[in-house]
Asks: 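Below you'll find the structure I mean.
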There are 2 protein chains.
Amino acid sequence: MMPNTYQDTAEELIRKEGGRATGIRVKILALLLAQEQAVTHREIEARLIGQQPDRVTLYRVLQWLADKGLIHKITSDDRVWRFHVNHDAYLHQHAHFKCTRCAKVVCLDDLPTKRHLTLPAGYRFQSMELTVKGLCAQCV
Amino acid sequence: MMPNTYQDTAEELIRKEGGRATGIRVKILALLLAQEQAVTHREIEARLIGQQPDRVTLYRVLQWLADKGLIHKITSDDRVWRFHVNHDAYLHQHAHFKCTRCAKVVCLDDLPTKRHLTLPAGYRFQSMELTVKGLCAQCV
DNA sequence: CAATTCGCGCAACTTTGTTGCATTAGTAAA
DNA sequence: TTTACTAATGCAACAAAGTTGCGCGAATTG
Ligand SMILES: [Mn+2]
Ligand SMILES: [Mn+2]
Ligand SMILES: [Zn+2]
Ligand SMILES: [Zn+2]
């Protein structure tokens with residue numbers, strides 16, 4: 001079960017961003033705070049026991065949390081966003097790992113520096129998105 | 001305009017893979033052979049002058065070409081596949097560049113080696129997908 | 001030319017996400 | 001506590017990208 005502290009932390013974080021501490025917002029952020037790995041919209045929906053929010057509301061809450069920098073969105077080759085809380089360690093740019101068997105996504109610590117790749121002449125580097133694929137410890 | 005050689009090359013490549021050299025298959029592969037950069041399903045549809053194939057057929061032809069290793073599929077954060085021919089230089093793993101202004105996607109030459117990143121204990125590396133974002137020479 | 005079957009075209013469906021708008025419920029002020 | 005304000009929710013409809021099933025036609029083989 002999720003300890004109350006997650007609810008409290010969530011409420012505090014939302015207020016700090018100047019948003020209304022709605023029941024649903026708090027529940028969603030608290031749930032995300034409790035997740036080790038990145039979760040999809042579907043997974044959040046399924047895990048939100050009791051209060052089942054509207055699909056659209058969930059999308060909007062997730063977008064709001066991402067806009068406020070409380071969580072980050074992860075793109076994947078399965079055309080599904082995954083969401084993960086911005087713990088201090090993940091405020092900077094970082095790579096992601098996706099298990100090719102169970103589809104689990106976790107955040108990695110760092111990102112190779114851009115020195116290691118060369119762009120065509122006249123191209124300007126802005127950022128990079130790196131997803132490592134392989135097998136997680138449970139699937140090896 | 002597209003020189004005949006593309007049509008001929010396309011037909012030859014398809015036959016070499018044991019498939020029927022259908023009019024549409026040949027046209028699609030010839031078109032892809034002529035493209036410098038990766039193109040979306042939509043773009044292919046629009047550029048197939050004269051013979052406008054069924055959407056589903058286009059999807060299936062592209063999947064078939066990818067399965068046979070004649071082209072490769074590129075994932076992107078806009079949830080749209082892009083397709084590019086497997087020139088000799090692109091048979092190996094490589095990174096991609098996506099322009100944040102015009103959405104152009106080009107294949108880069110190399111990929112940083114996996115030495116430059118560390119996985120959690122027990123995780124097994126299989127491959128990596130790297131997309132560099134920035135501005136292309138035309139958009140800088 | 002005839003027989004075989006691969007691949008195409010059509011219709012219907014699915015998944016993921018977005019937009020518009022009326023209603024509800026947090027919040028803060030009275 | 002009550003009231004007023006408006007941010008946020010819920011519903012319906014829409015949109016884009018891609019998939020599935022199936023009958024028919026055309027590419028290949030002999
Ligand atoms: Mn992350
Ligand atoms: Mn490529
Ligand atoms: Zn796994
Ligand atoms: Zn550009």
Side-chain angles (χ1 to χ4, degrees), chain A residues 7-8 10-31 38-46 48 50-68 70-83 98 103 105, chain B residues 7-8 10-31 38-46 48 50-68 70-83 98 103 105:
Chain A
Q7 300 264 10
D8 297 343
E11 199 170 326
E12 187 184 350
L13 287 169
I14 290 164
R15 287 237 163 74
K16 204 179 291 178
E17 292 299 329
R20 289 188 183 172
T22 300
I24 286 165
R25 263 192 193 159
V26 173
K27 276 217 175 76
I28 292 172
L29 182 52
L31 188 148
V39 286
T40 65
H41 180 274
R42 283 287 173 122
E43 289 167 338
I44 298 172
E45 225 175 2
L48 274 177
Q51 190 164 9
Q52 208 82 354
D54 179 67
R55 257 166 28 86
V56 178
T57 299
L58 180 47
Y59 277 118
R60 287 199 266 230
V61 167
L62 290 169
Q63 189 57 57
W64 185 87
L65 293 170
D67 288 344
K68 298 299 180 182
L70 295 176
I71 65 175
H72 63 282
K73 255 173 146 174
I74 304 165
T75 62
S76 173
D77 53 1
D78 55 12
R79 305 172 19 94
V80 173
W81 298 109
R82 281 177 178 76
F83 301 87
K98 184 173 180 195
V105 171
Chain B
Q7 300 264 9
D8 297 346
E11 198 170 329
E12 187 184 349
L13 286 169
I14 291 165
R15 288 239 160 74
K16 203 179 290 175
E17 293 299 329
R20 288 188 184 171
T22 300
I24 285 166
R25 263 191 194 163
V26 173
K27 278 220 174 73
I28 291 172
L29 182 51
L31 188 147
V39 285
T40 64
H41 179 274
R42 283 286 173 124
E43 288 167 338
I44 298 172
E45 225 175 4
L48 275 177
Q51 189 165 12
Q52 208 81 356
D54 179 69
R55 258 164 28 85
V56 177
T57 301
L58 180 47
Y59 277 117
R60 286 198 267 228
V61 167
L62 290 169
Q63 190 57 57
W64 185 87
L65 292 171
D67 288 344
K68 296 300 179 181
L70 295 176
I71 65 176
H72 63 280
K73 255 174 147 174
I74 304 166
T75 63
S76 171
D77 53 2
D78 56 10
R79 308 170 17 95
V80 173
W81 299 109
R82 281 177 177 76
F83 301 87
K98 182 170 181 197
V105 171

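The chains referred to below are lettered A, B, ... by the order of the sequence lines, with proteins before strands, and numbering in each begins at 1. Just so it is clear, the structure is predicted and the values come from calculations on it, not from any experiment.
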Asks: How many Å lie between CD1 on A:I74 and P on C:dG17, as a whole number?
Replies: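 After rounding, the gap between these two atoms is 13 Å.
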Asks: Between C:dT27 and A:R15, is there an OP1 or OP2 to side-chain N/O distance shorter than 4.0 Å?
Replies: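 Affirmative; the distance criterion is met.
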Asks: Check the distance between D:dA17's P and B:E43's CD and give it to me in whole angstrom.
Replies: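 That distance rounds to 11 Å.
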Asks: For the residue pair A:A10 and A:V26, what are the closest heavy atoms and their distance?
Replies: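 Heavy-atom minimum between the residues: CB-O, 3.7 Å.
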Asks: What integer distance in Å separates A:D54:CG from C:dT19:C1'?
Replies: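 Taking atom C1' of C:dT19 as the reference, CG of A:D54 is at 13 Å.
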Asks: Please tell me which of B:V80 and B:V56 maps to the more 5' nucleotide of DNA chain D, matching each residue to the nucleotide holding its nearest heavy atom.
Replies: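 So the residue in question is B:V80.
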Asks: Out of A:E11, A:E17, A:E12, which residue meets the side chain to side chain donor-acceptor pair (under 3.5 Å) rule with A:R15?
Replies: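 Running side chain to side chain donor-acceptor pair (under 3.5 Å) over A:E11, A:E17, A:E12 with A:R15 returns exactly one hit, A:E11.
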Asks: Give the rounded distance in Å between these two atoms: CD of A:E45 and P of C:dT15.
Replies: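 So the two atoms are 12 Å apart, to the nearest Å.
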Asks: Has B:R42 got a side-chain N or O lying under 4.0 Å from the OP1 or OP2 atom of D:dA17?
Replies: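 For D:dA17, OP1/OP2 do have a side-chain N/O of B:R42 under 4.0 Å.
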Asks: OP1, OP2 of D:dA8 versus side-chain N and O of A:R25: anything below 4.0 Å?
Replies: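 Yes, A:R25 has a side-chain N/O under 4.0 Å of OP1/OP2 on D:dA8.
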Asks: Rounded to whole Å, please give me the gap between CD1 in B:I24 and C1' in C:dC6.
Replies: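 Taking atom C1' of C:dC6 as the reference, CD1 of B:I24 is at 13 Å.
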Asks: Is A:R82 reaching over with its side chain to a backbone N or O of A:I74, donor-acceptor style, under 3.5 angstrom?
Replies: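 Looks like no, no N/O pair under 3.5 Å.
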Asks: Name the nucleic acid region contacted by B:R60, choosing base, sugar-phosphate or nothing; use a 4.0 angstrom heavy-atom cut-off, strictly under.
Replies: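 B:R60: base contact, heavy atoms under 4.0 Å.
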Asks: Give one of base, sugar-phosphate or nothing for B:G19, where a contact means two heavy atoms less than 4.0 Å apart.
Replies: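 Here B:G19 touches the backbone only, sparing every base.
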Asks: Nearest-Å distance, OH (B:Y59) to C1' (C:dT15)?
Replies: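 From B:Y59 OH to C:dT15 C1': 12 Å.
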Asks: For D:dA27 and B:T22 - does any side-chain N or O of the residue sit under 4.0 Å from the phosphate oxygens OP1/OP2?
Replies: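 False: B:T22 side-chain N/O out of range (4.0 Å or more) of D:dA27 OP1/OP2.
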Asks: Is any side-chain nitrogen or oxygen of B:W81 closer than 4.0 Å to OP1 or OP2 of D:dG18?
Replies: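 For D:dG18, OP1/OP2 do have a side-chain N/O of B:W81 under 4.0 Å.
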Asks: Just how far, in rounded Å, is P of C:dG9 from CG of B:L48?
Replies: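 So the two atoms are 11 Å apart, to the nearest Å.
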Asks: Would you indicate which nucleotide in C:dT5, D:dA8, D:dT20 comes nearest to any side-chain atom of B:R20?
Replies: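 When the side chain of B:R20 is considered, C:dT5 is the closest of C:dT5, D:dA8, D:dT20.
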Asks: Side chain of A:R55, base of D:dG10: donor and acceptor closer than 3.5 Å?
Replies: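 Counting by modelled atom types and ignoring angles, no donor-acceptor contact under 3.5 Å is found here.
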Asks: Roughly how many Å is it from CG in B:D77 to C1' in C:dG17, rounded to a whole number?
Replies: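 My rounded result for the distance is 15 Å.
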Asks: Looking only at non-hydrogen atoms, find the nearest pair between A:F83 and A:L62 and report the distance.
Replies: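 So the two residues come closest at CE1-CD1, 3.6 Å.
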Asks: A:T40 side chain to A:E43 main-chain N or O, any donor-acceptor pair under 3.5 Å?
Replies: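 Yes; at least one donor-acceptor contact below 3.5 Å.
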